[in-house]
Amino acid sequence: MNRNMMRQAQQLQQRLAKMQEELESATVEATAGGGMVKAVVTGKQTVASITIDPEAVDPDDLEVLEEMVMAAVNEALGKSQELAQQKMAAITGGLNIPGLG
């Protein structure tokens, strides 16, 4: 590997490390049930918080609440994955580099 390629590889590694830091602090959110349930997920696909409106809690029908929580979390996770893919594409120029996707 020549010096130019090594320098480019080091620069890519630095940009990837910075992207990882940005993803850890970035958050996305999604709601379900008309906003009765809100899920916040980090760019690293970790649930940061779940907020449930007290009116969404019906002790006789917890299944609806469970479905709203699941829907909000799944949507937020999807948004988080999209964010990570956008940041990766910005760094790699859309190249598919094995092990980095």
Side-chain angles (χ1 to χ4, degrees):
M1 191 181 278
N2 67 35
R3 288 182 193 215
N4 190 36
M5 287 179 66
M6 288 196 48
R7 189 177 76 247
Q8 287 177 345
Q10 288 172 340
Q11 289 173 345
L12 178 60
Q13 187 176 19
Q14 290 170 349
R15 288 194 301 263
L16 288 171
K18 185 176 188 297
M19 180 197 74
Q20 293 293 326
E21 289 176 20
E22 290 173 359
L23 286 174
E24 286 178 21
S25 62
T27 59
V28 294
E29 69 177 57
T31 61
M36 298 192 81
V37 174
K38 178 173 81 170
V40 177
V41 174
T42 70
K44 298 284 285 182
Q45 285 85 48
T46 301
V47 177
S49 70
I50 295 178
T51 307
I52 300 172
D53 185 318
E55 291 184 26
V57 181
D58 179 354
D60 296 325
D61 194 2
L62 289 179
E63 189 174 320
V64 170
L65 177 57
E66 292 166 348
E67 289 174 3
M68 285 191 290
V69 170
M70 209 169 21
V73 169
N74 284 332
E75 183 179 338
L77 285 170
K79 288 181 178 183
S80 175
Q81 291 168 349
E82 288 176 19
L83 176 65
Q85 289 171 351
Q86 289 170 358
K87 286 190 174 287
M88 180 62 72
I91 289 174
T92 63
L95 295 175
N96 185 13
I97 300 172
L100 297 182

>> Within the structure provided, determine whether V73 and M70 are in side-chain contact (heavy-atom separation under 4.5 Å).
In response: no
>> Going by the rule side-chain hydrogen bond (donor to acceptor under 3.5 Å, both in side chains), which residues pair with Q45 if we only count those two or more places apart in sequence or in a different chain?
In response: S80
> What's the shortest heavy-atom distance between A39 and A76, and which atoms?
Replying inline: O-CB, 3.8 Å
>> In this structure, would L77 and V40 fall into the same cluster of hydrophobic residues linked by side-chain contacts under 4.5 Å?
In response: no
>> Which heavy atom of A71 sits nearest to which heavy atom of A32, and what is that distance?
In response: CB-CB, 4.1 Å
> Is there any salt bridge (charged side-chain N to carboxylate O under 4.0 Å, His left out) pair reaching into residues 69-78, and which pairs are they, with sequence neighbours excluded?
Replying inline: E75-K79
Return all side-chain donor-acceptor pairs below 3.5 angstrom for residues 10-21, not counting sequence neighbours, or 'none' if the list is empty.
{"residue": "K18", "atom": "NZ", "partner": "E22", "partner atom": "OE2", "Å": "2.6"}
{"residue": "Q20", "atom": "OE1", "partner": "K44", "partner atom": "NZ", "Å": "2.4"}

>> For residues 26-37, which residue pairs pass the side chain to side chain donor-acceptor pair (under 3.5 Å) check, not counting sequence neighbours?
In response: none
Can I get a per-line list of side-chain donor-acceptor pairs under 3.5 Å for residues 46-64, giving both atom names and the distance, sequence neighbours left out?
{"residue": "D53", "atom": "OD1", "partner": "E55", "partner atom": "N", "Å": "2.8"}
{"residue": "D58", "atom": "OD1", "partner": "D60", "partner atom": "N", "Å": "3.0"}

